[in-house]
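To keep things clear, I will list the structure first and then write my remarks on it.
Note that the structure is predicted; figures quoted are calculated from it, not measured.
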Amino acid sequence: MTQPSFTPRVFSGIKPSGGLTLGNYLGAMKRFVEMQESGEYETIYCMVDLHAITVWQDPEELRHNTREMAACFIAAGIDPAKSILFNQSQVAEHAQLGWIFNCVARMGWMGRMTQWKDKAGKNAENASLGLFGYPALMAADILVYHATHVPVGEDQKQHLELTRDIAAKFNNDFKTPFFPITEPVIEGAATRVMSLRDGSKKMSKSDASDMSRINMDDDADTIAKKIRKAKTDPEPLPDNLEGLDDRPEARNLINIYAALADTTPQTVIEEFAGKQFGTFKPALADLAVDRLSPISAEMNRMMLDIPEIDRMLAAGADRAREIATPILEKTYDIVGMVR
Ligand code: TRP
């Protein structure tokens, strides 16, 4: 089926289900800002609260985390005049198209998702139905805007393939090339931020050790301490990146430095070749404090005015609906609903 041409449009979502880490910032928000600034696409960013509740969330914490995440987006450079920023539950079209996709996607597809298997674990009988259907709602998030590009981490690649499968099956079932076959924009390994305690694990807000991550609201002393105590090895830094191949912790710190400094790991390794971590770590700590403290200061300032954050999210939701409503209407029409 030949695809019509779709407006270049980026959609991405983050779950507001916990504190924000350096991994969220470097792996997601910073790239979202770059895509906003590129001028190549319309950009839509969403706090996916409906996805968050596929596992239990304390209501007050969920509300707080959603607002804090919005503040962090803005502090990190998302401009509500350039991008659409809102929380998912305010635009009912996500859930409405999600239902249609529940009827398009197959049980077998969902059952093969590695994230489902990991999260449901041995106790799948007791997992929520929402957790099982999670990828169909994610497909709806993307396709209700006819988004053409979706920046996500490597761990979401399989969900995006499923989004493409759902779009293709819908188009095929109803004999109309209505939904675009979305392109994933997967972050390179270089921007994947790993745990400070174990270079083979992703930096995560759910890791038991707070020393494994830098939180976006850590103060300068805490950031410096965490970097000073980050796991490394006794060797000095090599003069090329291949020298870091089996040194994942060292590689991670170099990657973090490069991402924060807006340069390449190659440039960083050339600058610090032959130096010990005793030299590199303080330089990294200074850089991290320098880049992150304005963001956390702005985030904290914004959190003093919750009504303003809520107004901004409501305005974002209004703009999102302007795109989503006609696409959902057309979908209902294609499916055969009387309107
Ligand atoms: N599943 C994504 C994650 O866990 C979050 C998400 C939900 C998302 N809907 C999306 C990401 C749509 C991109 C596009 O990170």
Side-chain angles (χ1 to χ4, degrees), residues 1-15 27-48 50-51 73 77-88 91 93-98 100-101 104-105 109 134-188 191 316-335:
M1 222 174 304
T2 26
Q3 288 266 304
S5 63
F6 292 96
T7 309
R9 188 174 285 149
V10 165
F11 179 94
S12 197
I14 309 191
K15 283 195 296 276
M29 292 182 174
K30 194 162 173 284
R31 304 168 65 219
F32 295 176
V33 174
E34 285 159 12
M35 293 184 106
Q36 165 189 283
E37 295 304 320
S38 78
E40 288 173 42
Y41 328 84
E42 288 180 26
T43 42
I44 308 177
Y45 300 122
C46 184
M47 275 72 71
V48 289
L50 296 174
H51 277 105
F73 264 115
I78 294 298
D79 178 350
K82 294 183 185 162
S83 293
I84 298 179
L85 179 67
F86 69 106
N87 60 306
Q88 186 185 27
V91 180
E93 282 78 358
H94 290 243
Q96 291 173 300
L97 185 62
I100 306 272
F101 287 170
V104 171
W109 299 0
Y134 183 114
L137 180 61
M138 176 162 164
D141 296 340
I142 297 165
L143 294 173
V144 84
Y145 301 102
H146 277 180
T148 54
H149 295 80
V150 180
V152 280
E154 183 73 32
D155 62 336
Q156 294 300 310
K157 211 169 157 178
Q158 200 187 25
H159 286 163
L160 280 190
E161 274 158 22
L162 193 97
T163 299
R164 294 161 63 93
D165 290 344
I166 288 176
K169 183 162 173 10
F170 182 99
N171 292 350
N172 190 54
D173 286 354
F174 296 98
K175 301 280 170 281
T176 169
F178 183 59
F179 287 113
I181 307 299
T182 302
E183 287 300 326
V185 186
I186 307 284
E187 73 191 69
T191 49
D318 287 343
R319 287 171 60 211
R321 238 178 271 115
E322 277 172 33
I323 304 175
T325 304
I327 292 177
L328 181 76
E329 277 305 319
K330 182 73 189 156
T331 309
Y332 276 157
D333 181 48
I334 291 171
V335 171

Next item on the list: Would you mind reporting whether Val150 and Pro184 have side-chain heavy atoms less than 4.5 Å apart?
Entry: no
Next item on the list: Report the residues that fulfil salt bridge (charged side-chain N to carboxylate O under 4.0 Å, His left out) with Glu329, sequence neighbours left out, ordered by chain and then residue number.
Entry: Arg339
Notebook entry, point to check: Can you say whether the rings of His146 and Phe178 are parallel (under 30°), tilted (30 to 60°) or perpendicular (over 60°)?
Noted result: perpendicular
Margin query: Return the OH to CG distance between Tyr45 and Leu85, rounded to the nearest 0.5 Å.
Written below: 10.0 Å
Note to self: Under a 3.5 Å distance rule, please check whether Thr176 uses its side chain to pair with a backbone N or O of Asn171 as donor and acceptor.
What the structure shows: no
Check: Quick one: CD1 on Ile142 to CG on Leu137, what's the gap to the nearest 0.5 Å?
Finding: 10.0 Å
Notebook entry, point to check: Just how far is it from atom OG1 of Thr43 to atom CD1 of Ile78, taken to the nearest 0.5 Å?
Noted result: 6.5 Å
Checklist line | Those residues that, when tested against Glu37, pass salt bridge (charged side-chain N to carboxylate O under 4.0 Å, His left out) (two or more places apart) | finding: Lys82
Next item on the list: Find out whether Phe174 and Val335 are in side-chain contact, i.e. whether some heavy atom of one side chain is under 4.5 Å from a heavy atom of the other.
Entry: yes
Check: Do Val48 and Met138 touch side chain to side chain, with heavy atoms closer than 4.5 Å?
Finding: no
Note to self: My understanding is that only residues two or more places apart in sequence, or in another chain, count here; which of them pass side chain to side chain contact (heavy atoms under 4.5 Å, CB included) with Gln96?
What the structure shows: Ala92, Glu93, Leu328, Tyr332
Item checked: Of all pairs that satisfy salt bridge (Lys or Arg N to Asp or Glu O under 4.0 Å), the ones with a partner from residues 176-185, not counting sequence neighbours -> Arg164-Glu183
Next item on the list: Ignoring hydrogens and angles, tell me if any N or O in the side chain of Lys157 forms a donor-acceptor pair with the backbone of Glu154 under 3.5 Å.
Entry: no
Checklist line | Close side-chain approach of Phe86 and Arg321, heavy atoms under 4.5 Å | finding: no
Item checked: With Glu40 via side chain to side chain contact (heavy atoms under 4.5 Å, CB included) - residues at least two apart -> Ser38
Next item on the list: Check the side chains of Asp79 and Gln36 for a donor-acceptor pair under 3.5 angstrom, ignoring hydrogens and angles.
Entry: no
Check: Would a 4.5 Å heavy-atom cut-off, applied to side chains only, mark Val185 and Met35 as touching?
Finding: yes
Next item on the list: Begin with the C-alpha distance, continue with both residues' side-chain angles, and end with the deciding distance and a verdict on side-chain contact (heavy atoms from CB on, under 4.5 Å) for Phe179 and Leu97.
Entry: CA-CA 12 Å; Phe179 287 113; Leu97 185 62; 4.1 Å; yes
Check: Heavy-atom distance under 4.5 Å between the side chains of His51 and Gln88, does that happen here?
Finding: yes
Would you give me the side-chain donor-acceptor pairs under 3.5 Å for residues 5-15, sequence neighbours excluded?
unit_1 : atom_1 : unit_2 : atom_2 : d
Arg9   : NE     : Glu42  : OE1    : 3.0
Arg9   : NH1    : Tyr145 : O      : 2.6
Arg9   : NH2    : Glu42  : OE1    : 3.4
Ser12  : OG     : Pro151 : O      : 2.8
Lys15  : NZ     : Tyr134 : OH     : 3.1

Notebook entry, point to check: What is the distance from atom CD1 of Ile166 to atom CD of Glu161, rounded to the nearest 0.5 Å?
Noted result: 12.5 Å
Next item on the list: Search all heavy atoms of Val91 against all heavy atoms of Ala317 and return the closest pair with its distance.
Entry: CG2-O, 3.7 Å
Note to self: If I compare all heavy atoms of Ile327 with all of Leu143, which pair ends up nearest, and what's the gap?
What the structure shows: CG2-O, 3.9 Å
Next item on the list: Please name the pair of heavy atoms, one in Ala167 and one in Pro180, separated by the smallest distance, quoted to 0.1 Å.
Entry: CB-O, 3.6 Å
Next item on the list: Assess the pair Phe101 and His94: is the distance between their ring centroids shorter than 6.0 Å?
Entry: no
Notebook entry, point to check: So, for Ala140 and Gly98, which heavy atoms are closest and what is the spacing to 0.1 Å?
Noted result: CB-N, 3.4 Å
Note to self: Please find the pair of heavy atoms, one from Pro80 and one from Arg319, that lie closest to each other, and give the distance.
What the structure shows: O-NH1, 2.8 Å
Margin query: How long is the straight-line distance from CG of Asp165 back to CD of Gln158, given to the nearest 0.5 Å?
Written below: 10.0 Å
